Colleague: 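One structure, pasted below without further comment.
All values derive from a computational prediction rather than experimental measurement.
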Amino acid sequence: MNAEEIVQMMSRQGMRITDQRKTLATLFARAKGYMTPKDVYEQMLHTYSGLSFDTVYRNLRIMHEMGVLEQFVFEDGIKFRLHCQENDHHHHVICLSCEQTYPVVFCPMEQIPGLPEGFRPVKHKFEVFGYCKKCREEEAAQ
């Protein structure tokens with residue numbers, strides 16, 4: 001997805017399009033993988049010297065809530081990336097080494113035993129972290 005498509009997506013969601021949000025769209029369009037809020041802040045600080053970290057983080061959260069970005073919790077903190085092209089409900093398998101991410105359209109939620117009686121889930125996330133074949137082979141070769 002290119003920056004213009006991201007801006008159009010934000011606009012369709014009712015988001016006011018500012019120069020900072022266009023810059024965010026460009027950053028994520030060019031990103032090869034995940035970005036931490038700190039990564040985003042440091043890159044945007046080059047253009048917007050008075051920018052606050054809170055503003056960056058708030059925009060990342062809004063973009064996540066609108067479905068523009070996906071948020072993942074890694075062992076070293078929260079990271080964001082563009083929402084993958086999968087439109088239906090899905091989950092992810094993520095390589096901890098190269099951060100390659102694969103969508104998984106199967107949802108294990110229906111098979112979770114022991115939910116309290118009457119409990120109605122309204123939101124959930126399911127990610128599997130591990131090492132892809134390529135990274136395992138590279139590690140074994142060293």
Side-chain angles (χ1 to χ4, degrees), residues 1-48 51-142:
M1 192 178 311
N2 66 37
E4 184 56 38
E5 291 170 323
I6 297 167
V7 168
Q8 288 173 2
M9 187 178 187
M10 291 188 298
S11 181
R12 281 193 305 271
Q13 294 287 328
M15 197 176 210
R16 190 169 61 89
I17 305 304
T18 63
D19 283 341
Q20 288 179 2
R21 289 178 177 161
K22 287 179 184 177
T23 301
L24 275 172
T26 301
L27 283 176
F28 279 98
R30 292 180 180 161
K32 298 294 181 213
Y34 297 89
M35 295 179 70
T36 67
K38 184 180 178 197
D39 295 335
V40 174
Y41 172 71
E42 289 174 353
Q43 289 191 39
M44 290 190 67
L45 206 52
H46 297 298
T47 307
Y48 306 100
L51 185 67
S52 77
F53 180 79
D54 289 342
T55 299
V56 169
Y57 193 76
R58 186 172 44 255
N59 275 291
L60 293 172
R61 298 291 298 162
I62 290 168
M63 291 171 74
H64 166 65
E65 290 167 8
M66 293 183 144
V68 176
L69 299 178
E70 289 182 295
Q71 174 184 296
F72 297 86
V73 180
F74 285 79
E75 289 178 353
D76 60 344
I78 293 173
K79 296 181 182 182
F80 293 87
R81 71 173 205 143
L82 276 181
H83 198 284
C84 63
Q85 301 303 310
E86 203 55 56
N87 290 324
D88 294 327
H89 179 74
H90 66 284
H91 300 284
H92 300 95
V93 173
I94 304 167
C95 179
L96 289 168
S97 183
C98 68
E99 295 187 343
Q100 179 68 34
T101 303
Y102 307 90
V104 177
V105 284
F106 168 77
C107 180
M109 190 66 199
E110 289 79 33
Q111 276 123 42
I112 295 178
L115 287 178
E117 185 177 332
F119 184 81
R120 184 180 67 106
V122 294
K123 185 177 178 182
H124 67 277
K125 291 188 69 122
F126 181 75
E127 277 89 36
V128 177
F129 294 91
Y131 298 95
C132 68
K133 181 179 180 180
K134 180 181 171 199
C135 290
R136 285 187 302 113
E137 288 172 351
E138 288 174 1
E139 178 69 23
Q142 293 180 1

Colleague: I need the Leu24 CG to Asn59 CG distance, nearest 0.5 Å.
Modeller: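 CG of Asn59 is found 5.5 Å from CG of Leu24.
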Colleague: Hey, are the side chains of Phe28 and Val40 touching, using non-hydrogen atoms and a 4.5 Å cut-off?
Modeller: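 The answer is yes; the side chains approach within 4.5 Å.
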Colleague: Where is the tightest heavy-atom contact between Ala25 and Val7, given as atom of each residue plus distance?
Modeller: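 It is CB-CG2, 3.8 Å.
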Colleague: Salt bridge or not for Lys79 and Glu99, using N-O below 4.0 Å?
Modeller: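 The answer is yes: the pair qualifies as a salt bridge.
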Colleague: Can you tell me how far apart NE2 (His46) and CG (Leu51) are? Round to the nearest 0.5 Å.
Modeller: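 So the NE2 of His46 and the CG of Leu51 are separated by 11.5 Å.
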Colleague: Using every non-hydrogen atom in the two residues, find where Gly67 and Met9 come nearest and quote the distance to one decimal.
Modeller: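 Looking at all heavy atoms of both residues, the closest pair is O-CE, 3.2 Å.
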Colleague: Side chains of Thr55 and Tyr48: do they bring a donor and an acceptor to under 3.5 Å?
Modeller: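 Per modelled atom types, Thr55 and Tyr48 side chains form no pair under 3.5 Å.
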Colleague: Taking the side chain as every heavy atom from C-beta outward, state whether Ile78 and Arg61 have any atom pair closer than 4.5 Å.
Modeller: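 No; the side chains remain at least 4.5 Å from each other.
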Colleague: Indicate the atoms forming the closest heavy-atom contact of Leu27 with Gln43, along with that distance.
Modeller: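 Closest heavy-atom pair between Leu27 and Gln43: CD2-OE1, 2.9 Å.
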Colleague: Side-chain contact, heavy-atom cut-off 4.5 Å: Met1 with Gln8?
Modeller: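 Side-chain contact under 4.5 Å: no.
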Colleague: What is the distance from atom OG of Ser11 to atom CD of Glu4, rounded to the nearest 0.5 Å?
Modeller: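 With rounding to 0.5 Å, OG (Ser11) is 9.5 Å from CD (Glu4).
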Colleague: Tell me which pairs pass salt bridge (Lys or Arg N to Asp or Glu O under 4.0 Å) where either residue lies in residues 17-30, with sequence neighbours left out.
Modeller: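 Residue pairs with at least one partner in residues 17-30: there are none.
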Colleague: What distance separates His83 NE2 from Glu70 CD, expressed to the nearest 0.5 Å?
Modeller: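 One finds 4.0 Å between NE2 of His83 and CD of Glu70.
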Colleague: Measure across Ala29 and Asn2 and return the closest heavy-atom pair with its distance rounded to 0.1 Å.
Modeller: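 What the structure gives for the nearest pair is CB-C, 3.8 Å.
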Colleague: Is any side-chain heavy atom of Tyr34 less than 4.5 Å from a side-chain heavy atom of Ile94?
Modeller: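 A side-chain contact under 4.5 Å exists here.
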Colleague: Ignoring hydrogens, what is the shortest heavy-atom contact between Cys95 and Cys132? Give both atom names and the distance.
Modeller: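 Of all heavy-atom pairs spanning Cys95 and Cys132, the closest is SG-N, 3.3 Å.
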Colleague: Between Pro121 and Met109, which heavy-atom pair has the shortest distance, and what is it?
Modeller: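 Looking at all heavy atoms of both residues, the closest pair is CG-CE, 3.4 Å.
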Colleague: Is the number of heavy atoms from other residues, nucleotides or ligands within 6.0 Å of NZ (Lys133) greater than 12?
Modeller: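 Open: at most 12 neighbouring heavy atoms sit under 6.0 Å from NZ of Lys133.
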Colleague: Which value, rounded to the nearest 0.5 Å, describes the distance between His64 atom NE2 and Phe80 atom CZ?
Modeller: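 Answer rounded to 0.5 Å: 7.0 Å.
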Colleague: Check whether any side-chain N or O of Gln111 sits under 3.5 Å from a backbone N or O of Pro108 as a donor-acceptor pair, and report yes or no.
Modeller: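 Checking the backbone N and O of Pro108 against the side chain of Gln111, no donor-acceptor pair under 3.5 Å is found.
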Colleague: To the nearest 0.5 angstrom, please state how far the OG1 atom of Thr36 sits from the CD atom of Glu42.
Modeller: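 So the gap between those two atoms works out to 7.0 Å.
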Colleague: Tell me, do Met66 and Met10 make a side-chain contact under 4.5 Å, heavy atoms counted?
Modeller: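 Not in contact.
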Colleague: Could you check Phe106, Phe129, Phe126 and say which one makes a ring-ring contact (aromatic ring centres under 6.0 Å, His included) with His91?
Modeller: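 Of the listed options, the one satisfying the test is Phe126.
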Colleague: Measuring only between side-chain heavy atoms, which start at C-beta, is Cys98 closer than 4.5 Å to Lys134?
Modeller: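 No, their side chains stay 4.5 Å or more apart.
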Colleague: Angle between ring planes, His92 versus His90, binned at 30° and 60°: parallel, tilted or perpendicular?
Modeller: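 Rings of His92 and His90: perpendicular, over 60°.
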